[in-house]
Amino acid sequence: MPCPDLGALRASLDDDAAGTPAPLHDHVHACASCADTLAELQRNAELAAPAIALTAPDVPPAPAAVQAALTRLEQRRARLAAATPAPAATTPAATVPDPIPLPRHRRVARLGARARGVAAGLVAALVLAGLLVTPGGRAAAAGFLAQFRSQRFEVVSVDPAQSTQVADVVGGLVKTGVFTGDALQASGLGEPEVVAGLAEASRIAGFAVPAVDPAVLPGGVGHTPERVLVSPAREARITFDRDRALAYLRGHGRPAAQLPERYDGTQLVVRVPAAVVQQFAGRDGGPALLVGKAGTLGLTTEGGASLDELREVVLGLPGLPSETVAQLRSIQDWRTTLPLPVPSDQVRSRPATVHGVEALSFADQTGRLHALLWQRDGHIWGVAGVLGSDEAQDVADSLG
């Protein structure tokens, strides 16, 4: 048979559970080009699946709910068809096309919480995209209050229950107005933008962004970035309200809580660095590799409370998991160490080295997704994608 198009090859991945048709299966095994293309499609699908799964609910809807939704859809389609005038009988018989079949639910819907855990850990590794670029990530970083000027990383292992506890506490602080400010609102502050190339990205970011040597790119990855994303440096100010903090503490099991009056109105100043991410595509045009560079995160206070004092208030909040607090308190030099929350049941991390400096290597449980994160010369660097650990290391080592 002739070589199938990309659509047929991609569809065969979704049909694996039911069995790929024998002719296509035999052709792929006999054709080196199609085998390479199919492998690349698989890699890209695995890279995209965790991100897509972030939109899926934690608990899939019950079969009865799905059937009810389909019934409502069919009823709406029937009403629309009834309201549409019939075509004039100028031809022997008007042909009405069959309705477009609804897509079957495939593995993305089954990824659920596991995929979200993997994605969360890997996004943390992708040049701190989750902690430094997105508004929600900045809120989480502010919630930890455990860094001043980041120079190194330390993994803080969290399980799903601990992640939920931290999110509940941070959400409570924002909802009750203990902390207020732009960085705690979903205002789009710091959203990355697509730029024309590395020269423009370097100009906006304020630092040079090196091109990746095509010789170190994994097979099937384009030699030039398909997209270059840049987020300018920002400064966010978060204000602490003493009276609301006391009300929060006393309402959560600390009736004798006391805070000095001078704490009121203290501003936490978060200096969010510029970040640039190069996105490389695979054979099918999907993202296959991300390479990033950013400045370093800065944190200080202005007002009556010092950073140490405000940190103690937050680490002493009721509801925070004791294991997480213990890990944060065990960081010896918390003023220069950026803690990275990593879901311990979904992402493996280990020490690594890039250009002689300490780095962190991340991988999901399948060993297909890998990332490297390190700091050097006042910048944060990251490499990630559906690639082997050696391939990630080669790209990282090439970045000068």
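When all heavy atoms are compared, the tightest approach of Thr266 to Gly304 is OG1-N, 3.3 Å. Closest approach of Leu198 and Gln278 over heavy atoms only: CD2-CD, 3.6 Å. Between His370 and Leu387, the closest heavy-atom pair is ND1-O, 2.8 Å. In terms of heavy-atom proximity, Ile331 sits nearest to Glu154 at CG1-OE2, 3.7 Å.
To the nearest 0.5 Å, atoms CG (Leu317) and NE2 (His252) are separated by 9.5 Å. Rounding to the nearest 0.5 Å gives a distance of 7.5 Å between CD of Gln165 and CD of Glu323. We find the CD-CD distance between Glu261 and Gln258 to be 10.0 Å, quoted to the nearest 0.5 Å. Taken to the nearest 0.5 Å, the OG1 atom of Thr366 stands 10.5 Å off from the CD atom of Gln346.
Glu235 is listed as a side-chain neighbour of Arg237, based on a closest heavy-atom distance under 4.5 Å.
Salt-bridge check for Arg329 with Glu312: passed, with a basic side-chain N closer than 4.0 Å to an acidic carboxylate O.
Phe240 and Val269 are assigned to two separate hydrophobic clusters, defined by single-linkage of ILVMFWY side chains at heavy-atom distances under 4.5 Å.
The aromatic rings of Trp374 and Trp381 lie parallel to each other, their planes meeting at an angle below 30°, with 60° marking the opposite boundary.
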List the steps, then state whether side chain to side chain contact (heavy atoms under 4.5 Å, CB included) holds for Gln393 with Leu372.
-> CA-CA 7 Å; Gln393 187 75 51; Leu372 275 169; 3.8 Å; yes

